[in-house]
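Read the numbers this way: they start at 1 and go in the same order the structure lists the ligands and their atoms. Values below: all heavy atoms of this structure, side chains included; hydrogens, waters and symmetry mates excluded. Residue numbers run from 1 in the order of the sequence given.
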Amino acid sequence: MKVAFLGLGIMGRPMAANLAKAGHEVTVWNRTPGKEVEGARTAASPAEAAKGSEVVWICVSDTKAVENVLFGAQGVAESLASGMTVVDSSTIAPSATQKFADRLRPQGVRYVDAPVTGSKVAAEGGTLIFMVGGDEAVIDSLKPLFAAMGKKIFRMGETSKGHAAKLVMNLQIAMIYEGFAEALTLGAKLGVDAETLLPLINASMVKSGVVEYKAPFILKRDFTPNFPLRLMYKDLRLALEAAKEMRVKLPGLETVEEIYEIAAEDGQGDLDYAATLTLLEKWAGVEVKGAA
Ligand code: NA7
């Protein structure tokens with residue numbers, strides 16, 4: 001298929017590379033020039049990349065960035081063609097997705113929200129999990145593209161429900177990780193180190209994908225970003241905004257979001273969100289230790 005891929009960050013670049021590797025005709029664009037993808041053509045603007053493409057796939061930071069790519073100067077909107085499909089793998093506000101889809105619909109453009117879970121490792125390995133909102137037939141037509149980048153698609157309902165599901169997922173990831181990090185911090189303070197605690201966690205009902213994924217990085221004190229703290233912070237803010245819109249009270253999330261706010265102010269935004277542990281350690285005057 002002819003695909004324009006917009007946004008070559010931690011996630012977008014390997015996703016675009018996997019599309020090209022699978023034989024699709026890919027044109028890439030990134031706001032800051034200089035990023036390229038093997039086997040893909042590079043365009044100078046979103047409009048240029050989108051021109052003549054069947055599918056425009058977006059993976060940029062936040063709601064504002066998606067709006068910019070679609071409707072800003074030299075945006076996708078300048079090259080729309082009836083029958084084109086826009087797919088957004090960024091994590092943004094579900095209400096904004098609805099508005100963007102409504103703006104494009106009169107021109108015959110179909111809109112699918114397809115955020116992902118799996119971080120950098122799964123993006124590189126082509127094993128992402130997509131949670132998708134949109135028309136069933138349109139989603140079916142995108143199957144070869146999903147297959148090139150991921151291992152599973154979960155259909156969440158109409159357009160914007162993928163983004164709704166993503167906020168609900170990241171809320172849980174952040175809160176499970178916070179529980180793990182607080183347990184390790186108190187454990188360290190009480191004299192039970194992380195390496196001693198982990199086999200117990202993994203043998204019990206506390207075992208979780210979040211713990212399994214993050215523990216090796218914590219033991220190595222490796223906080224290079226698989227999923228940057230600033231982006232998780234953004235997602236927690238989005239979840240709280242959505243909760244407010246729906247008049248839902250989420251007190252645990254409010255507290256966790258504050259921790260991310262302080263960590264971001266502390267200069268940890270570009271580290272992995274696992275670095276929120278270091279804030280707890282600082283407050284406790286302790287360091288979680290373990291051999292690599
Ligand atoms: P990164 O690695 O921070 O990459 C973000 C990308 O978004 C990168 O290509 C940025 O371009 C681009 N970006 C940021 N702001 C804009 C604006 N205003 N206009 C156009 N492009 C922009 O994030 P990830 O790849 O980890 O994650 C991407 C999304 O998936 C995000 O929503 C996550 O929550 C999930 P740059 O190179 O900075 O010029």
J.: What pair of heavy atoms forms the shortest contact from N18 to G125, and how long is it?
T.: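 The answer is ND2-C, 4.4 Å.
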J.: Just one of D135, T85, T159 clears the side chain to side chain donor-acceptor pair (under 3.5 Å) bar with R110, so which one?
T.: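 By the side chain to side chain donor-acceptor pair (under 3.5 Å) criterion, R110 pairs with just one of D135, T85, T159: T85.
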J.: Where does the angle between the aromatic ring planes of W57 and F5 fall among parallel (under 30°), tilted (30 to 60°) and perpendicular (over 60°)?
T.: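 Plane angle under 30°, so parallel.
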J.: Taking side-chain hydrogen bond (donor to acceptor under 3.5 Å, both in side chains) as the definition, give me every residue that meets it alongside R230, ordered by chain and number, with sequence neighbours left out.
T.: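 Scan of R230 (side-chain hydrogen bond (donor to acceptor under 3.5 Å, both in side chains), adjacent residues dropped) gives D270.
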J.: Relative to F146, does K143 satisfy both conditions: NZ or CZ under 6.0 angstrom from the six-membered ring centre, and within 45 degrees of the ring's axis?
T.: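 The answer is no; the distance or angle limit is not met.
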J.: Provide, line by line, the atom pairs where ligand 1 and the protein bring an N/O atom each to a distance under 3.5 Å; else say none.
T.:
{"from": "ligand 1", "atom 1": "2 (O)", "to": "I10", "atom 2": "N", "distance (Å)": "2.8"}
{"from": "ligand 1", "atom 1": "3 (O)", "to": "R230", "atom 2": "NH1", "distance (Å)": "3.2"}
{"from": "ligand 1", "atom 1": "3 (O)", "to": "R230", "atom 2": "NH2", "distance (Å)": "2.9"}
{"from": "ligand 1", "atom 1": "7 (O)", "to": "S61", "atom 2": "N", "distance (Å)": "3.2"}
{"from": "ligand 1", "atom 1": "7 (O)", "to": "S61", "atom 2": "OG", "distance (Å)": "3.3"}
{"from": "ligand 1", "atom 1": "9 (O)", "to": "L8", "atom 2": "N", "distance (Å)": "3.2"}
{"from": "ligand 1", "atom 1": "9 (O)", "to": "G9", "atom 2": "N", "distance (Å)": "3.4"}
{"from": "ligand 1", "atom 1": "9 (O)", "to": "N30", "atom 2": "OD1", "distance (Å)": "2.6"}
{"from": "ligand 1", "atom 1": "15 (N)", "to": "R31", "atom 2": "NH1", "distance (Å)": "3.3"}
{"from": "ligand 1", "atom 1": "19 (N)", "to": "N68", "atom 2": "ND2", "distance (Å)": "3.4"}
{"from": "ligand 1", "atom 1": "25 (O)", "to": "I10", "atom 2": "N", "distance (Å)": "3.1"}
{"from": "ligand 1", "atom 1": "25 (O)", "to": "M11", "atom 2": "N", "distance (Å)": "2.8"}
{"from": "ligand 1", "atom 1": "32 (O)", "to": "V60", "atom 2": "O", "distance (Å)": "3.1"}
{"from": "ligand 1", "atom 1": "32 (O)", "to": "S61", "atom 2": "O", "distance (Å)": "2.7"}
{"from": "ligand 1", "atom 1": "32 (O)", "to": "T91", "atom 2": "N", "distance (Å)": "2.9"}
{"from": "ligand 1", "atom 1": "32 (O)", "to": "K234", "atom 2": "NZ", "distance (Å)": "3.0"}
{"from": "ligand 1", "atom 1": "34 (O)", "to": "K234", "atom 2": "NZ", "distance (Å)": "2.8"}
{"from": "ligand 1", "atom 1": "37 (O)", "to": "N30", "atom 2": "ND2", "distance (Å)": "2.9"}
{"from": "ligand 1", "atom 1": "37 (O)", "to": "K35", "atom 2": "NZ", "distance (Å)": "3.3"}
{"from": "ligand 1", "atom 1": "38 (O)", "to": "R31", "atom 2": "NH2", "distance (Å)": "3.0"}
{"from": "ligand 1", "atom 1": "39 (O)", "to": "R31", "atom 2": "NE", "distance (Å)": "3.0"}
{"from": "ligand 1", "atom 1": "39 (O)", "to": "T32", "atom 2": "N", "distance (Å)": "2.9"}
{"from": "ligand 1", "atom 1": "39 (O)", "to": "T32", "atom 2": "OG1", "distance (Å)": "2.4"}

J.: Going by the angle between their ring planes, with limits at 30° and 60°, are F180 and Y177 parallel, tilted or perpendicular?
T.: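 Taking Y177 first and then F180, their aromatic rings stand perpendicular (interplane angle over 60°).
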